[in-house]
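The next block holds one structure in the form of structure tokens; read it before the comments.
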Amino acid sequence: MKVAKFGGSSLADAEQIKKVSDIITSDTERKFVVVSAPGKRSDKDRKVTDLLIELGETFLEHGSAEETLQLVVERYRSITEGLGLSNDIVKTIEDDIRNRLACDASDSGRFMDQMKAAGEDNNAKVIARYLQSIGFVSEYVNPQEAGLLVSDTPGNAQILDEAYDHLYSLRERDGISIIPGFFGYSKEGGLVTFPRGGSDITGSIVAAGVQASLYENFTDVDSVFAANPTVVDNPCSIKRMTFREMRELSYAGFGVFHDEALIPAFKSNIPVCVKNTNNPSADGTMIINEREYAMNPVIGIAADKGFSTIYVRKYLMNREVGFGRRLLGILEDEDISYEHIPSGIDDTSVIVEKDQLNPEKEERILHRIKNELYADDVYFEKDFAMIMLVGEGMHETVGIAARATKAMSEQGVNIEMINQGSSEVSLAFGIHDENVDKAIRGLYEEFFSTKEVLQ
Ligand SMILES: Nc1ncnc2c1ncn2[C@@H]1O[C@H](COP(=O)(O)OP(=O)(O)O)[C@@H](O)[C@H]1O
Ligand SMILES: N[C@@H](CC(=O)OP(=O)(O)O)C(=O)O
């Protein structure tokens, strides 16, 4: 049996949902379906999750948000009308959202999780109802009923191990189970969402729980490409890649798949296939344990903006026992996680996501590093991007770093930092935000210009 997850782009309107229903019902193995909230119908459109966030935030601030509420209800009305479903379901959806608005708002994180989850929850109910209306046995399954237990960390759920045993019993269900993605329940019974894009995580968890033969992730592109298709024209398709490669690339900016989504499928050894709802006969990309990499040591290039660097210099830093621990301790006190720490003899840089910072925190961090660690020099560098070259074959291939640095210098891109991951499956470069697109194009030209499909 297979688990199929459909992203927001696959469920944006009634026509898309009809395509999804055709895909589901064309293969009797597709018994478990995880759905996102309706996504964008065009570039200028808004995802239902974004509307729900606006709705919740406006409500918290002003005590009412009727206009945004009606925008959400209208999205569902146009979907249910297009699917030929009776009008009572729109009323039920509106009541559901009003009930969520009436929940206790004293903890804004929990309140916002209730609001965000309304997108996938109501969509799953609509899709189950539509499949029934066209003659299939199909049921909406609430994540609480399925035993999808998660940590009690609003907006940042982590699956609890015992959830997998509960999910295994889903196998006994008849017909097609439609499960909303993006949220689970804590042991205390509270609704908790995964990070944004987290329906991919639900899909992977359900695939691991029911021990599926395949986890199919349906989106709006024919495959995963070697570089972001909005930056590089017509990039080559990746036919097969390993879990490690996909994890590195999605962490580093491949928006097509959530990086945390791979772990449950990987641990349970379930292959993942990324496919296109708008072209389901295309092969897609298989994500597996191992691949033959002699021909393609590098499989992809990803980039992400939004980092800051804390640069620290102190003479004889290399000989000072405990310096690194004390430096990271200061960041821990400010609740900041780090991404990379490239180091020299007398200096080190800590790269962090800039969303975690604000002017007061920066001030405190600089003050403490100067006064408690007696640093000679310490400052923040802003507007940093990380660009990552990924491939299982890189560690066995001579000259990759030299080719990469040459390609970027030919584009006039200054490299601020280089970090080779310990696994040697990735090579990361720190550059300034404004150079990202030309760096990606230069690297793509260097490593992929002669290939069409990556095996
Ligand atoms: N390397 C890549 N390969 C394929 N798609 C990519 C890549 N990098 C970014 N994307 C973008 O990811 C999008 C699909 O992800 P997303 O919008 O989250 O889909 P969904 O709505 O199905 O969850 C594609 O439309 C594409 O623009
Ligand atoms: N709807 C949620 C979860 C999700 O995974 O959505 P999508 O499949 O559209 O990326 C979000 O927008 O974050």
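Note that the numbering runs from 1 along the sequence shown for the chain. Both ligands and their constituent atoms are indexed starting at 1 by order of listing.
Between the side chain of R173 and the backbone N or O of F32 there is no donor-acceptor pair closer than 3.5 Å. Of the possible donor and acceptor atoms, none in the side chain of Q16 sits under 3.5 Å from a partner among the backbone N and O of L11.
With hydrogens and angles left out, the side-chain atoms of N278 and D220 include no donor and acceptor closer than 3.5 Å. For the residue pair E120 and S199, a side-chain donor N or O sits within less than 3.5 Å of a side-chain acceptor on the partner. In summary, the side chains of E66 and Q70 do present a donor paired with an acceptor at a separation below 3.5 Å, with no hydrogens or angles considered.
Protein heavy atoms come within 4.0 Å of atom 25 (O) of ligand 1.
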Checking R240 against I288 for the side-chain contact (heavy atoms from CB on, under 4.5 Å) test, could you report, in this order, the C-alpha distance in whole Å, the side-chain angles of both residues, the deciding distance, and whether it holds?
CA-CA 7 Å; R240 266 183 289 275; I288 46 185; 3.4 Å; yes
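A cation-pi contact, defined as under 6.0 Å to the ring centre and within 45° of the axis, is absent between K354 and F307.
Within the 4.0 Å heavy-atom criterion, the part of P229 lying near ligand 1 is the side chain and not the backbone. In K5, the part holding a heavy atom less than 4.0 Å from any atom of ligand 1 is the side chain. The backbone of A227, and not its side chain, has at least one atom closer than 4.0 Å to an atom of ligand 1 (non-hydrogen atoms only; backbone = N, CA, C, O). At a heavy-atom cutoff of 4.0 Å, ligand 2 is contacted by the side chain of K47 but not by its backbone.
Looking from atom 13 (C) of ligand 1 to the surrounding protein, the closest heavy atom is D220 OD1, 3.9 Å. Of all protein heavy atoms, the one closest to atom 3 (N) of ligand 1 is F225 N, 2.9 Å. The protein heavy atom nearest to atom 1 (N) of ligand 2 is T49 OG1, 2.7 Å. Given atom 19 (O) of ligand 1, the protein heavy atom at minimum distance is T219 OG1, 3.1 Å. What sits closest to atom 11 (C) of ligand 1 on the protein, heavy atoms only, is V256 N, 4.5 Å. Protein heavy atom closest to atom 18 (O) of ligand 1, with residue, atom name and distance, is G255 O, 3.6 Å. Here the protein heavy atom with the shortest distance to atom 8 (O) of ligand 2 is S36 OG, 2.6 Å.
Checked against the 6.0 Å centroid criterion, the rings of F182 and F194 do not qualify as a close aromatic pair.
Interface atoms of ligand 2 facing E120, defined by a heavy-atom separation under 4.0 Å, are 1 (N), 2 (C), 3 (C). Within ligand 1, the atoms closer than 4.0 Å to a non-hydrogen atom of S9 are 19 (O), 20 (P), 21 (O), 22 (O), numbered from 1 in the order shown. Residue-ligand proximity, G7 to ligand 2, at heavy-atom distances under 4.0 Å covers atoms 8 (O). Here is the list of ligand 1 atoms found below 4.0 Å of a heavy atom in S223: 4 (C). For ligand 2, the atoms sitting less than 4.0 Å from at least one non-hydrogen atom of K5 are 8 (O), numbered in the order shown with element in parentheses. Shown in contact with R196 at under 4.0 Å from a heavy atom are these atoms of ligand 2, numbered in order with element: 11 (C), 12 (O), 13 (O). Contact atoms of ligand 2 toward G8: 7 (P), 8 (O), 9 (O) (distance under 4.0 Å to a heavy atom of the residue).
Ring planes of F257 and Y215: tilted class, angle from 30 to 60°. Between F59 and F111, the angle of the ring planes stays under 30°, which puts this pair in the parallel group of the 30/60° scheme.
Between R98 and E94 there is a salt bridge, since a side-chain N of the basic residue sits under 4.0 Å from a carboxylate O of the acidic one.
When every heavy atom of I270 is checked against every heavy atom of Q211, the shortest pair comes out as CD1-CA, 4.3 Å. Residues I287 and L262 approach most closely at CG2-CD2, 4.1 Å, considering heavy atoms.
When only interatomic distances are considered, the shortest N/O to N/O separation between G8 and ligand 1 falls below 3.5 Å.
Under a 4.0 angstrom heavy-atom cut-off, G39 registers as lying outside contact with ligand 2. Proximity of G198 to ligand 2 is established by a heavy-atom distance of less than 4.0 Å. In this structure, S199 falls outside the shell of residues with a heavy atom less than 4.0 angstrom from ligand 1.
Heavy atoms of other residues, nucleotides or ligands lying less than 6.0 angstrom from NZ of K18 number more than 12.
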